[in-house]
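Naming convention: chains lettered A, B, ... in sequence-line order (proteins, then strands); numbering from 1 in each chain. Model, not experiment: these values are computed from the prediction.
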Amino acid sequence: MNSISGSEALLESLIHEGVDTIFGYPGGQAIPIYDALYDYKDRLNHILVRHEQGATHAAQGYARVSGKVGVTLVTSGPGVANTITGIADAMMDSTPIVVIAGQVPDNLLGTDAFQEVDVIGVTQPISKWAYQVRSADEIAWAVARAFYIASTGRPGPVVLDVTKTAQSGKVAYQPHKITYIRSYIPKPDWEPERIAQAAALINQAEKPFAIVGQGVILGNAESELLAFLRKADIPAATTMLGLSALSSDEPLNTGMLGMHGNIAPNLKTNECDVLIAIGMRFDDRVTGDLTQYAKQAKIIHFDIDLAEINKNVTVDVPVIGDAKETLVEVGKLLNPNQHTAWRESFKPHWERERQVVIQKELHSKEGPLRMGEVVHKVSQAVGNKAIVVTDVGQNQMMGVRYFSYGQTRSVVTSGGLGTEGFGLPAAMGAKIGAPDRTVCLFVGDGGLQMTIQELGTIMQSKIDVKIILLNNNYLGMVRQWQELFWHERYSHTELQNPDFLKIAEAYHIPGRSVSTRDELDAAIREMTSMKGAYFLEANVENKGMVYPMVPAGTAVTNIILGDE
Amino acid sequence: MNNMEKKTLYTVTIFSENTVGLLNQVTIIFARRGLNIETLSVSPSAISGIHKFTITTFTDKAMITKVVKQIDKRVDIVKSYYNTDEDLVFQEIALYKLATNKLLEMGSIEDIIRRYNARILDMTETWTVLEKTGHYDETQALFKELSEKIGVLQFIRSGRVAITKSKVERLSDMLAAMEAKLNRDKSV
């Protein structure tokens, strides 16, 4: 067999794993890989980003919408150091990505060589697996293992630190596939007695309530979930990352949980008699004060990750395993049921939220534009098959609250880590991962400037993302907290901003800046009628607030609604 | 440590693949939860290719349960669990370097060796090394007595090694179950 270089073996291994897209940025210790890539242009679409952080977030966006593993390729030292935020974000939000980083030659490891950083030491705590490849022989095995680990069980980021020695060495390449690691149990077996206990609890429940997380999406268990809920007539709500696991118009979908979630599901969490958590991890932004969280309820927790059971909330019945199977198994034992009165009891809370919060946010006729109405109008214009990507902060909460979801994998947002700057690169990855779907990014003026250089990537790679800048000239969410809890002391949250439209123009991205409702409507029409990237700057109310709000560390029933 | 009286000494046993950087993966989980590692011992286990960590730490049951699950979750960790002292037979080994002349002047060396079940490991004209295995308080008691009587030139105590009171290493059962699952999955 002819031997090939480690770099070629790396690319062959990626293709063997089904990879066709890489987000990356070259550098000194990755040149051999980039040289090999020159001959793989027909099989590997390399998207040249402008900063390595963008490469990881783009890989995340790609993975989140496609269900495939996102791939990032960077150089050593500062290159891989710039990926850290994306790796940490992917770890928190269980996103399958593989980050491949160049590393100094073997003989220089540990010597503080030029552009050397201890990648394994730095990434171990924030990755599912991190491994240094020191010889070309190991590459096929390491890539196979990386993809198996990243994509199975509870997904997550994997880091491969590939020395220049491994890149340049020769290897008699043979494709490798890994489907078993003895020290790793991605999908624990479900326990029949727990299945029975869960079903028994739900069958005797008068006020069952399901709270659904991203685990359902990651496990492709959306239809199993719906069958489960419908059989026993169980109202449900989702976490932010669980959004679109149930469509917005599904009658059993009672909205979003958490700090800026809907009133009804937050209140009902503390009224239900059986709380059924499915593929969610009781994050503090969902639970608020744990000592006042669902104390009246029996709690069932479906999860594939054993370490999540009893981590934050002590549960009565853990149902470990793959939700795609466990939902079916528990579902078989459920009695068909009707909880009409219980379901109806959610409605007055929704009516109240509409009157006090939503009406004002979406349908004000006067005053400055509001974030919510911009999101709502864009969502109506693009239809409910579109993907919403957000940055972090007020734009995020408004984006996810007022977008409509018609199919799964429609939300790409930074949940656990809350990474400002996530939005723009993630939107690029989302569009490349789902080229047939419209991708709308809602981003604030703060977060946009953290990764604004990726406009260059959008220009060069001709990525059709609809960028909607919700510009309030503030770091709005921090400002909101300062207004509510810090005596309006706006410490370093007001921004002096550039002319964003000129920046977009410099990158040859068409757009408009709007401040009135008529201008907004016209700009949305123009945006949706055009192919290619578009930049819509909506100048919104400077001191807008996101309501409802459960202040951090308080009970989920402690909901602020603003002026009533 | 604050509130030590409310906390229990847990012994965490970890079986892992023998790969580079595993100790780091394990210890950062303790560090993240703010747990001090009291003792640590790592060595090859009875099963070829698998290493065994024995780590002790003071904490409470809720915390140790979470920590062990998070350790267990790491890809290269085969199995991790915790025990309290009642479940275990355990020892530490201590070495004491003493000045030979003072030791001989003391005159009661045979008595000390008998009482503490210690032994002389090595002896020269200038120094003598005593060895004692036992629980912490036992090795500590000998250290205290020697310190008071003749002074101790050097002292070292190993991490705890422990064996559960059950008949076999639970790991062998687990590995067998995993192999069975693999074969079952393959045959489907």
Turns out that what part of A/I120 lies under 4.5 Å from chain B's heavy atoms comes down to neither
Checking heavy-atom separations under 4.5 Å from chain B, one finds in residues 177-191 of chain A A/Y180, A/I181, A/R182, A/S183, A/Y184, A/I185, A/K187, A/D189
So, the part of B/E17 with a heavy atom under 4.5 Å from chain A: the answer is side chain
Return yes if some donor-acceptor pair links the side-chain N/O of A/Q124 with the main-chain N/O of B/G21 below 3.5 Å, else return no.
-> yes
Taking every heavy atom of B/K66 against every heavy atom of A/N310, the minimum-distance pair comes out as CE-O, 3.5 Å
For A/K311, is there any backbone N or O sitting under 3.5 Å from a side-chain donor or acceptor partner on B/K69?
no
Interface check, chain A: of B/T65, B/I50, B/N24, B/D76, most non-hydrogen pairs under 4.5 Å belong to B/D76
Q. Are the side chains of A/Q132 and B/V20 in touch, meaning some heavy atoms are under 4.5 Å apart?
A. no
d(B/Q70 CD, A/E308 CD) to nearest 0.5 Å is 8.0 Å
Okay, B/I77 and chain A: the region with an atom under 4.5 Å from a heavy atom over there is backbone
| message | Could you check whether atom CG of B/D111 has more than 12 heavy atoms from other residues, nucleotides or ligands sitting under 6.0 Å from it? | response | yes
Per-residue tally against chain A (heavy atom, under 4.5 Å) across B/Q25, B/K79, B/R32 peaks at B/Q25
Okay, B/R74 and chain A: the region with an atom under 4.5 Å from a heavy atom over there is both
Applied to residues 118-133 of chain A, the salt bridge (Lys or Arg N to Asp or Glu O under 4.0 Å) test, sequence neighbours excluded, yields none
